Protein chains: 4
Amino acid sequence: MPKIVDHDLYRKELLGRCFDMFAEKGYAAITMREIAQGLGVSTGTLYHYFSSKETLFEQLVEEWTQQDLLKAEAELESAQTLAERMEAAFRFIATNEDYFLKQTLLLIDFHQQQEHTASHNEILKQVCDRARDRVADLLGLKDPKLVVFVLSLIDGLILGRLYNEEVASFEEQGALLGKMLTVYLEQST
Amino acid sequence: MPKIVDHDLYRKELLGRCFDMFAEKGYAAITMREIAQGLGVSTGTLYHYFSSKETLFEQLVEEWTQQDLLKAEAELESAQTLAERMEAAFRFIATNEDYFLKQTLLLIDFHQQQEHTASHNEILKQVCDRARDRVADLLGLKDPKLVVFVLSLIDGLILGRLYNEEVASFEEQGALLGKMLTVYLEQST
Amino acid sequence: MPKIVDHDLYRKELLGRCFDMFAEKGYAAITMREIAQGLGVSTGTLYHYFSSKETLFEQLVEEWTQQDLLKAEAELESAQTLAERMEAAFRFIATNEDYFLKQTLLLIDFHQQQEHTASHNEILKQVCDRARDRVADLLGLKDPKLVVFVLSLIDGLILGRLYNEEVASFEEQGALLGKMLTVYLEQST
Amino acid sequence: MPKIVDHDLYRKELLGRCFDMFAEKGYAAITMREIAQGLGVSTGTLYHYFSSKETLFEQLVEEWTQQDLLKAEAELESAQTLAERMEAAFRFIATNEDYFLKQTLLLIDFHQQQEHTASHNEILKQVCDRARDRVADLLGLKDPKLVVFVLSLIDGLILGRLYNEEVASFEEQGALLGKMLTVYLEQST
DNA sequence: AATGAATGAGAATTCATTCAT
DNA sequence: AATGAATGAATTCTCATTCAT
């Protein structure tokens, strides 16, 4: 089935070249024509590979999530203690600060369009849930409450970058969280 | 068609009736015509009071921020210890969970439109900064790092409501934060 | 009848302060609200004195034509020969180059709006015809053909200022016309 | 809805059918929707070929200028002396009197819109300058002052058609100019 | 597989004029 | 005499999607 391989390969290649364009203009603002032009294909061709703007974006998210988890695993591999894992995780985020803010905004932007148009997007929800589980594993957090705590803090910090570019560094906040968690867990045992 | 005597009073009344409409459809999605119809006025009249959609939204944010701060002050008045203040704050947020999620989404939505159109919105930034300071006062947090920590967690939790409607309760997370902060502060002295 | 006097006086004062505003934005582009604001009155008041934008403009033209003819007469008073009159006339125009271009554009702009809206504007036509006759008198041109010739040249030169700001000076062209006319008239007698 | 094969060819065809519509209502007054309807296409299609009303008009001017210069050349081909060239030129203009008035008004109308909106239109200026040079060549006028003189007269006469429909004939004025120029040039040598 | 012409409803915003006060 | 709130049709331009080639 050589044709199938080609088709799928080309589709992934197109996806790989999409992120920056989405990030620059936002999900709602970018037009399919712009995407097509940026990719060097016609709108017709774009629609040949992705049946709609929505589908295109869903596949993009699936793709980037896979990649990010692989990278995160590599970064956390050598960390042993909880504090070390926290530190590594926050360092990873800090290093790709811009990238993660773009992702977050893109996801929210996408969500806004859907919210009033159709039912909540099931595909994206699944992708996010699976990612959440793997992150909890990576960090070695058992208590679901603590997982929510840590991930919410991260989300909030990323979002904070929207306006307060100077206020808080990820590393600093990561260290703070590490200390607090350590003290808290020691005490509660 | 009686002539409304007090321009400013009527402007505020219109503002007061805008929030739900914005919240329901989002900043980008709602049209000025829809807003006008919802308010029972013509588009011309709407533009008589607000020179653009952007201005209208800015004034709306200013208005709701005032109101929210007043309410928050009332809620935290009787709280004494840090843990109590945390608890009261998170209870306040939990009670108005939906409302705060709407606000957050609206602000992000608005931000997305501007991001690629013009320079960052100065007016909104000022409103948010002022609010942030008063919240820090209310919570009695001195260390800027801790302020960022707490507010980021709150933002993250609110945003978490977008997908994970069941996962975490604000009260629970507020209690957790209260404990962690108390232990942490005791230990660091 | 003190009221009448006041009314008419005030009307003329308003007129006198209108020209620059019209000139700056053009007849079509300027709004009645802008005119009102520029004059420091309400739109209602403006409509109290001028029943429509069209009427306002017609009266403005009538006013400025009166003034210009008086000034022109003063300038040409001392000129004796044809060449002298030509020279004086072109010097007068050159001195008020900007002003006359503004007038011309304003008249054309006004004309364009009307052209397809209603029948040709009778009032303006009369004003222009009367002015034309007085100018012919002033210049001392008897042959209607020559009057058309000279006035067309002037109009064309003024219009030329639209794009070719540097190309031709009025004085130069006036001198040229003076010479040509003199030679021509001498020869044809 | 067959697919038009040659984009550029179809674009020119659309242009060719635009002039009368612009002429009838004026640049400002005609709407893109009207133009689209008049051409039998959707507004979307119109914008597919011309990215804005401004662009559309610029291309229209470019087109008509090309055509007019070709026609003018054909008309003046056989003329030998200066007086003959003048006569031929004015006859050409007289024959297409209405057409040239429409052009002039259109250009002025267009100019008015731009004047207060943006910087002066470079494209139109270039088109006009090039045309001016070729006309000077055609008429065989060397002295720049005389070129300005003749072209201004023509512009003024065309503009005169706005109000004074009866007053002056182009042929008559052309003959007059021919005589004056001949006498003047003879004398000045 | 690939193209790009075609669609048309819908967006934000404007403005001369009216009229209750 | 003076005000300014109210109107609403009309403007330019956009864009996801389709489909003949």
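Throughout, a chain's letter reflects where its sequence line sits, starting with A, and its residues are numbered from 1. None of these values were measured; they are calculated from a predicted model.
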Student: Which is true for D/His48 with a 4.0 Å heavy-atom rule: it touches a base, it touches only sugar-phosphate, or it touches nothing?
Tutor: base

Student: With sugar-phosphate meaning primed atoms plus P, OP1 and OP2, does A/Tyr49 contact a base, only sugar-phosphate, or nothing at under 4.0 Å between heavy atoms?
Tutor: sugar-phosphate

Student: List in chain and number order the residues that pass salt bridge (Lys or Arg N to Asp or Glu O under 4.0 Å) with C/Glu63, two or more places apart in sequence or in another chain; answer none if no residue qualifies.
Tutor: none

Student: Using Watson-Crick or G-U wobble pairs with both distances under 3.5 Å, give me DNA chain F in dot-bracket, 5' to 3', with [ ] for crossers and | for pairs to another strand.
Tutor: .||||||||||||||||||||

Student: Only counting residues at least two apart or in another chain, list the ones meeting ring-ring contact (aromatic ring centres under 6.0 Å, His included) with B/Phe19.
Tutor: B/Trp64, B/Tyr99

Student: Please identify each residue that fulfils ring-ring contact (aromatic ring centres under 6.0 Å, His included) with C/Phe50, with sequence neighbours left out.
Tutor: none

Student: Using salt bridge (Lys or Arg N to Asp or Glu O under 4.0 Å) as the criterion, list what pairs up with D/Asp98, not counting sequence neighbours.
Tutor: none

Student: Can you list the residues that meet the salt bridge (Lys or Arg N to Asp or Glu O under 4.0 Å) rule with C/Arg33, with sequence neighbours excluded?
Tutor: none

Student: Go through the structure and list residues passing ring-ring contact (aromatic ring centres under 6.0 Å, His included) with A/Tyr49, not counting sequence neighbours.
Tutor: A/His7, A/Tyr10

Student: Provide, to the nearest angstrom, the distance between the NE2 atom belonging to A/His7 and the C1' atom belonging to E/dA2.
Tutor: 13 Å

Student: The criterion is salt bridge (Lys or Arg N to Asp or Glu O under 4.0 Å); which residues satisfy it with C/Glu34, sequence neighbours excluded?
Tutor: C/Lys25

Student: For C/Gly40 and for B/Val41, find the nucleotide of DNA chain F with the closest heavy atom, then tell me which residue's nucleotide is more 5'.
Tutor: C/Gly40

Student: Please report the distance, rounded to the nearest Å, between CD in D/Gln37 and C1' in F/dT12.
Tutor: 14 Å

Student: Quick one, B/Leu60 and B/Leu106 - any side-chain contact, counting heavy atoms below 4.5 Å?
Tutor: no

Student: Rounded to whole Å, how long is the line connecting atom CG of A/Asp8 with atom P of E/dA1?
Tutor: 12 Å

Student: Which residue pairs satisfy the salt bridge (charged side-chain N to carboxylate O under 4.0 Å, His left out) criterion with at least one member in residues 101-111 of chain B, sequence neighbours excluded?
Tutor: none

Student: Using a 4.0 Å heavy-atom cut-off to protein, can you give one letter per nucleotide of nucleotides 9-16 of chain E, 5' to 3': B if the base is in contact, S if only the sugar-phosphate is, - if neither?
Tutor: B-SBBBBS

Student: Rounded to whole Å, please give me the gap between CG in D/Asp6 and C1' in F/dT21.
Tutor: 15 Å

Student: Name all residues meeting the side-chain hydrogen bond (donor to acceptor under 3.5 Å, both in side chains) criterion together with C/Glu13; count only those two or more places apart in sequence or in a different chain, and write none if there are none.
Tutor: C/Arg17

Student: How many Å lie between CG on D/Leu39 and C1' on E/dT7, as a whole number?
Tutor: 16 Å

Student: Scan residues 14-21 of chain B against DNA chain F and write down, sorted by residue number, each residue with any heavy atom closer than 4.0 Å; if none is found, say none.
Tutor: none

Student: Between C/Lys53 and C/Tyr27, is there a donor-acceptor pair closer than 3.5 Å when you use the side chain of the first and the backbone of the second?
Tutor: yes

